[in-house]
Amino acid sequence: MKPSEKYQKQYFMPPVVTYDWVKKDAIDKAPLWCSVDLRDGNQALVEPMSLDEKVEFFKLLVDVGFKEIEIGFPAASETEYQFCRTLIERNLIPEDVTIQVLTQAREHIIKKTFAALKGAPHAVVHVYNSTSVAQREQVFKKSKEEIRKIAVDGATLLKELAEKTEGNFTFEYSPESFTGTEMDYALEVCNAVLDVWKPTPDNKAIINLPATVETAMPHVFACQVEYMSKNMKYRDGVVLSLHPHNDRGCGVSDAELGLLAGADRIEGTLFGNGERTGNVDIITLAMNMFSHGVDPELNLTDMKHLVEVYERVTGMVVHDRQPYAGKLVFTAFSGSHQDAIAKGIAWREAGKSSMWNVPYLPIDPKDVGRTYDSDVIRINSQSGKGGVSYILKTNFGLSLPENMREEVGYTVKDVSDKEHKELTPAVVYQIFEDNYINPKNVFQVIECHFKQENGIVANATLHHCEHNQVVTGTGNGRLDAVSNAIKSYFNVSYELSFYEEHSLTKGSSSKAVAYVGVVSNGRRYWGVGIDNDIIKASIEALAVAVNKVEEIQNAQFARDKRMVEIMNYIQANYLNVTLESLSDKFYLSKPYLSKYIKEKSGMTFGELVKKVRLKKAKTLLKSSSMTVESIALSVGYQNVEHFNRLFKKAFQMTPVQYRNQK
């Protein structure tokens, strides 16, 4: 015999199945909630709560907004009895809160229960007995008639003692192990109890249907509930309550479908605590409604506090993946998920919608006291550019350019991958700073002065190999001029391909951030500058980016000071400089000077002058409205056709094409 062959279905379908509940697609209002944490939850603990812990938990449940709280089984132990008396005698029960107590359908137990309730402003007295086939046959060894008599006798005694006891009482009956009971028999027992109590719309009774052991799929439970709801006597005087357990992992689904099937009330616990696999988790159930726009009428805005108190007084642990409450339930490590979340939040913040519809987040984490930066997007080796960018923006005010995000993402991800750990926002920023703001540099631009002269002329002081050297460059803007000065000093070629800036939104609002990208030999390098002065910030960013260029990295020796001075002179006198005038200026013979320039720059004097003139022409083409003819003349070429040929040979496009280039 196979192990599975000893099992069979232990539930009973109703004699008539209507399936009307299937026509509803959502719950449209909150049910009545009853917390059974202090009874079902407490009896399931390895170490039950002390009196003080129970009092603290009771106060927490009141703060959450529960109006009905089952506090225990007063006749079961002295501790339970004293807890009930403590709540009453210390006036700890608010006027709008009803306590509920459990009792078996036995005379001496019911009498002690009423004694415990003396002085309570309002109480639900909950009587039960088991009705299932298994309990009837194996435990009680009684017939259906005998089991029904136990229920009826208990209901009768409850009514009689309530009439003799001062107080305001509501009656509740549970056919324990309801799902393992024949549905027509369960209905028969419940109706027999109701015939004793004769509830009315003004004086209702509670019939509670417990999935004491969850034995079926949720739709079966819904059909059972619907059958009871449609066929129960005194229905307008009955609050139909559910008490699902979670043996099959479907407690929440049982409750949700049961509500669609006609139930009015839910008994459950915070975080699903309870015997075996627990009771239905009221927090998950309530937050599911919340996520559909239904007010659950419970205050769950500080989930962290609820978890802290719960774990401390019960000794239980809320799992990291517990819906809505676990530490990781809103967390995205996946790069694609982080990117989608970041874009969704940005879309919402831009005012595109007032309704919540952010990818991967069923609710706004802020609604339960969580934050985006520390709870939602967290960084490890699985993260991508979107997550890293989001952390830098929300924590440090850095809005990375789209083109830069991928490289930064891989840089941060690589650190996490090698160290095999999650990276905090502070560590992410440190990695970013070490690589893009303050990396180890070959040179620094320590000072710059500018003047307007057919464009912008920059006199930049570079610190390289422990020497300072003033270098001159021209350009169509300050940054372009500084860039050309750096190119001239190191005799390197790169393209200043990207520039973006914004104010720093975190910390000092007066600071600005600049992002610069340069391209050399097909590879892009990035730098970031932060300063109160946006010009200084942009120069810092440029210097960081250019320092990463391979040719600069290999420049281990300071540039020849005389050659720098020669280049500066040519920059300033490119219109009329000649080898002879240069020779006179530096007191060098023309043959020696020609050889010296070729050796130090890799170009002849004529090629060097041409390079400076054509760079100046590029600046004027972009920064002025001068005609090509006028620009040719202004940079030293009398013949515009000759100028056009030289320009096209140097840059693979005509001056007009360059001017029109975006």
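Every value quoted in this text rests on a predicted model; they were computed, and no experiment measured them.
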Return yes if some donor-acceptor pair links the side-chain N/O of D264 with the main-chain N/O of L240 below 3.5 Å, else return no.
yes

Interatomic distance, L158 atom CG to I110 atom CD1 [nearest 0.5 angstrom]
5.5 Å

Within the structure provided, determine whether S35 and L270 are in side-chain contact (heavy-atom separation under 4.5 Å).
no

Testing R85, R39, K54 for salt bridge (Lys or Arg N to Asp or Glu O under 4.0 Å) with E80, which one passes?
K54

Please report the interatomic distance CD(Q224) to OG1(T179), rounded to the nearest 0.5 Å.
6.0 Å

Looking at K421, is its backbone amide N or carbonyl O close enough to the side chain of S416 to form a donor-acceptor pair, meaning the two atoms are under 3.5 Å apart?
yes

Given F57 and M49, is the side chain to side chain contact (heavy atoms under 4.5 Å, CB included) satisfied, shown in steps?
CA-CA 9 Å; F57 207 149; M49 288 179 271; 3.5 Å; yes

Provide the closest heavy-atom pair for E176 versus S130 in the form atom of the first, atom of the second, distance.
OE1-OG, 2.5 Å

With a 4.5 Å heavy-atom cut-off, do L209 and P175 have their side chains touching?
yes

In plain terms, say whether E182 and K144 are close enough for a salt bridge, that is, a side-chain N and a carboxylate O under 4.0 Å apart.
yes

Between Y173 and N129, a side-chain donor and acceptor under 3.5 Å
yes

Using the benzene-type ring in the case of Trp, are the ring centres of F114 and F169 under 6.0 Å apart?
yes

What distance do D195 atom CG and C190 atom SG have between them, rounded to the nearest 0.5 Å?
11.5 Å

Q100-E172 side chain donor-acceptor pair, cut-off 3.5 Å
yes

Going by ring-ring contact (aromatic ring centres under 6.0 Å, His included), name the pairs with one or both residues in residues 183-213, residues two or more places apart or in two chains.
F171-W197

Residues T314, E53; criterion side chain to side chain contact (heavy atoms under 4.5 Å, CB included); working and verdict:
CA-CA 8 Å; T314 67; E53 288 171 335; over 6 Å; no

Hey, does the side chain of N273 reach the backbone of G41 with a donor-acceptor pair shorter than 3.5 angstrom?
yes

Do N288 and Y324 get their side chains close enough for a donor-acceptor pair, meaning under 3.5 Å?
yes

K67 vs T98 side-chain heavy atoms within contact, under 4.5 Å
no

Walk me through whether L361 and F330 qualify under side chain to side chain contact (heavy atoms under 4.5 Å, CB included).
CA-CA 7 Å; L361 295 178; F330 299 112; 4.2 Å; yes

Atom CD of E163: over 12 foreign heavy atoms under 6.0 Å:
yes

Could you tell me whether E308 and R312 have a side-chain N and a carboxylate O separated by less than 4.0 Å?
yes

Looking at OG1 of T284 and CE of M289, how far apart are the two atoms once the value is rounded to the nearest 0.5 Å?
11.0 Å

W21 and Y19 aromatic ring geometry - parallel, tilted or perpendicular at 30°/60° bounds:
tilted

Candidates N279, D254, T212 - the one meeting side chain to side chain donor-acceptor pair (under 3.5 Å) with H243:
N279

Donor-acceptor pair, side chain of R106 and main chain of I150, under 3.5 angstrom
no

F66 side chain near L298 side chain, heavy-atom distance below 4.5 Å
yes

Counting only heavy atoms not in M1 (residues, nucleotides, ligands), do more than 12 fall under 6.0 Å from its CE?
yes

Classify the side-chain pair H245/T277 by whether it contains a donor and acceptor separated by less than 3.5 Å.
no

Close side-chain approach of V307 and Q322, heavy atoms under 4.5 Å:
no

Please find the pair of heavy atoms, one from H126 and one from S174, that lie closest to each other, and give the distance.
NE2-OG, 2.6 Å

Looking at E166, I'd like to know if its CD atom is crowded, meaning that more than 12 non-hydrogen atoms belonging to other residues, nucleotides or ligands lie closer than 6.0 Å.
no

Grab the two heavy atoms, one from P74 and one from L102, that are nearest each other, plus how far apart they are.
CD-O, 3.9 Å

Do N208 and S241 pair up side chain to side chain, a donor and an acceptor below 3.5 Å, judged on atom types alone?
yes

Is the count of non-hydrogen atoms from other residues, nucleotides or ligands lying under 6.0 Å from M13 atom CE greater than 12?
yes

Looking at K141, is its backbone amide N or carbonyl O close enough to the side chain of R136 to form a donor-acceptor pair, meaning the two atoms are under 3.5 Å apart?
no

State, without any angle test, whether Q10 and T215 hold a side-chain donor-acceptor pair at a distance under 3.5 Å.
no

If you count the non-hydrogen atoms of other residues, nucleotides and ligands that lie under 6.0 Å from CD in E78, is the total more than 12?
yes

Measure the shortest side-chain to side-chain distance between L306 and M303 over non-hydrogen atoms and say whether it is less than 4.5 angstrom.
yes

Working for side chain to side chain contact (heavy atoms under 4.5 Å, CB included), residues L285 and D281:
CA-CA 6 Å; L285 189 55; D281 175 11; over 6 Å; no

Counting C-beta onward and ignoring hydrogens, is there a side-chain heavy-atom pair between Y234 and T200 closer than 4.5 Å?
no

Above 12 or not: heavy atoms from other molecules or residues under 6.0 Å from NZ of K149?
no

More than 12 heavy atoms of other groups within 6.0 Å of N357 CG
no

Any heavy-atom pair between the side chains of C84 and L117 that's under 4.5 Å?
yes

If you round to the nearest 0.5 Å, how far is OG1 of T331 from NE2 of H337?
13.0 Å

Find the distance between CG (D153) and CD (E146) and round it off to the nearest 0.5 Å.
11.5 Å

Check ion pair K59-D63 (N to O, under 4.0 angstrom)
no

When every non-hydrogen atom of F221 is compared with those of A211, the smallest separation belongs to CE1-CB, 4.1 Å

Non-hydrogen atoms of C250 and P218 that approach each other most closely
CB-CG, 3.7 Å

Evaluate whether atom NZ of K111 has more than 12 neighbouring non-hydrogen atoms of other residues, nucleotides or ligands under 6.0 angstrom away.
no

Nearest non-hydrogen partners of Y227 and L187, listed with the distance
OH-CD2, 3.6 Å

